[in-house]
Amino acid sequence: DAGITQSPRHKVTETGTPVTLRCHQTENHRYMYWYRQDPGHGLRLIHYSYGVKDTDKGEVSDGYSVSRSKTEDFLLTLESATSSQTSVYFCAISVNPTSGNTIYFGEGSWLTVV
Amino acid sequence: DAKTTQPTSMDCAEGRAANLPCNHSTISGNEYVYWYRQIHSQGPQYIIHGLKNNETNEMASLIITEDRKSSTLILPHATLRDTAVYYCIVRGDIIQGAQKLVFGQGTRLTINP
């Protein structure tokens with residue numbers, strides 16, 4: 001599992017409230033990612049990080065922000081949650097990014113916005 | 001990114017080899033082929049990847065055609081626990097060293113007793 005821990009694993013929140021999901025890794029990997037998965041859309045990249053304080057947008061970044069103040073933690077924040085952000089969120093890390101890159105995923109965080 | 005085409009679903013008998021095909025006719029010379037699987041309600045699991053040569057690990061074998069336009073993932077002795085959605089992915093963009101994988105819809109493999 002590449003030492004990835006996501007928290008919380010399940011959360012129900014109300015529309016308009018802020019939500020932060022945490023991804024924690026124990027193996028000092030440089031690259032970290034947040035994906036969301038929805039029926040009919042598969043896995044889509046939200047944001048990624050290539051180092052401490054270095055982040056960039058993926059294909060579905062609207063409504064999300066991220067922060068990485070230390071190597072081991074990558075936080076995904078929904079500033080004002082909407083029902084369209086009800087989804088399963090997966091954190092991932094990549095190993096050996098310069099050749100034959102391998103990405104490992106966490107177990108997911110189920111978020112329901114009511 | 002090179003586009004991949006996989007069958008929507010496949011069935012295989014337990015104990016037999018499961019062969020999952022993938023077409024990636026627009027693959028570039030330096031793009032790797034990756035296979036992941038996702039068992040219901042779990043995170044995607046890395047299986048194997050390759051560039052040109054066939055690869056084998058403890059989970060599966062990957063056969064890539066000489067022209068690299070297609071590949072086959074082989075699970076040599078399928079078990080019920082191999083029932084999952086299998087994704088064939090050609091490496092996407094690398095920006096600042098970060099790998100951006102693009103997942104398609106995958107193949108839903110069902111292993112039957």
Side-chain angles (χ1 to χ4, degrees), chain A residues 1-6 9-10 23 25 29-61 66 68 74 87-110, chain B residues 1 3-6 8 22 27-60 62 64 68 71 84-108:
Chain A
D1 64 358
I4 302 170
T5 305
Q6 291 185 229
R9 294 291 315 278
H10 296 87
C23 178
Q25 54 126 338
H29 297 297
R30 178 180 174 188
Y31 301 93
M32 299 183 75
Y33 311 78
W34 276 107
Y35 283 83
R36 63 177 286 177
Q37 186 171 31
D38 306 287
H41 291 281
L43 279 142
R44 294 179 292 175
L45 181 64
I46 306 171
H47 280 279
Y48 62 96
S49 170
Y50 46 95
V52 174
K53 294 194 167 92
D54 292 322
T55 65
D56 207 346
K57 298 178 180 180
E59 60 178 310
V60 290
S61 59
V66 290
R68 191 157 178 214
F74 191 31
S87 187
V88 183
Y89 292 86
F90 290 102
C91 174
I93 58 94
S94 59
V95 178
N96 298 324
T98 56
S99 65
N101 194 36
T102 301
I103 291 183
Y104 294 95
F105 289 82
E107 287 305 305
S109 293
W110 273 254
Chain B
D1 298 345
K3 184 182 171 79
T4 61
T5 303
Q6 300 177 251
T8 302
C22 180
I27 192 171
S28 300
N30 60 350
E31 289 182 315
Y32 285 76
V33 180
Y34 292 81
W35 283 85
Y36 284 78
R37 73 180 183 184
Q38 189 171 24
I39 297 169
H40 183 62
S41 298
Q42 297 183 19
Q45 179 187 23
Y46 166 78
I47 301 173
I48 199 167
H49 73 277
L51 182 62
K52 296 180 182 177
N53 300 320
N54 299 337
E55 303 287 344
T56 296
N57 63 20
E58 65 279 3
M59 289 184 67
L62 174 61
I64 302 174
R68 303 208 327 121
S71 61
V85 177
Y86 287 77
Y87 297 98
C88 167
I89 303 164
V90 172
R91 184 163 76 174
D93 293 338
I94 294 183
I95 299 177
Q96 300 284 358
Q99 171 72 76
K100 295 167 69 175
L101 294 180
V102 178
F103 285 76
Q105 297 303 311
T107 296
R108 183 170 299 278

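Hydrogens, waters and symmetry mates play no part in the numbers below; they use all other heavy atoms, side chains included. Letters A, B, ... mirror the listed sequences (proteins, then strands); counts begin at 1. Keep in mind that this is a model prediction, so the values were computed, not measured.
Annotation: B:His40, atom NE2; neighbour count of heavy atoms from other residues, nucleotides and ligands within 6.0 Å does not exceed 12. Within 6.0 Å of CZ in B:Arg108 there are 12 or fewer heavy atoms belonging to other residues, nucleotides or ligands.
Atoms OG1 and CD1, on A:Thr102 and B:Ile47 in that order, are 12.0 Å from each other to the nearest 0.5 Å.
For chain A, the nearby part of B:Gln38 is the side chain; its heavy atoms alone come within less than 4.5 Å. Of the two parts of B:Gln42, the backbone and the side chain both hold a non-hydrogen atom closer than 4.5 Å to a non-hydrogen atom of chain A. Residue contact with chain B, scored on non-hydrogen atoms closer than 4.5 Å, is absent for A:Gln6. The contact between A:Leu43 and chain B is made by backbone and side chain atoms together, counting heavy-atom distances below 4.5 Å.
Listed for the B:Tyr36 side chain is a donor-acceptor partner under 3.5 Å among the backbone atoms of A:Ile103.
Shown are A:Phe105, A:Tyr104, A:Tyr35; of these, the side chain to side chain contact (heavy atoms under 4.5 Å, CB included) with B:Pro44 is made only by A:Phe105.
Residues passing the salt bridge (Lys or Arg N to Asp or Glu O under 4.0 Å) test with A:Asp54, sequence neighbours excluded: none.
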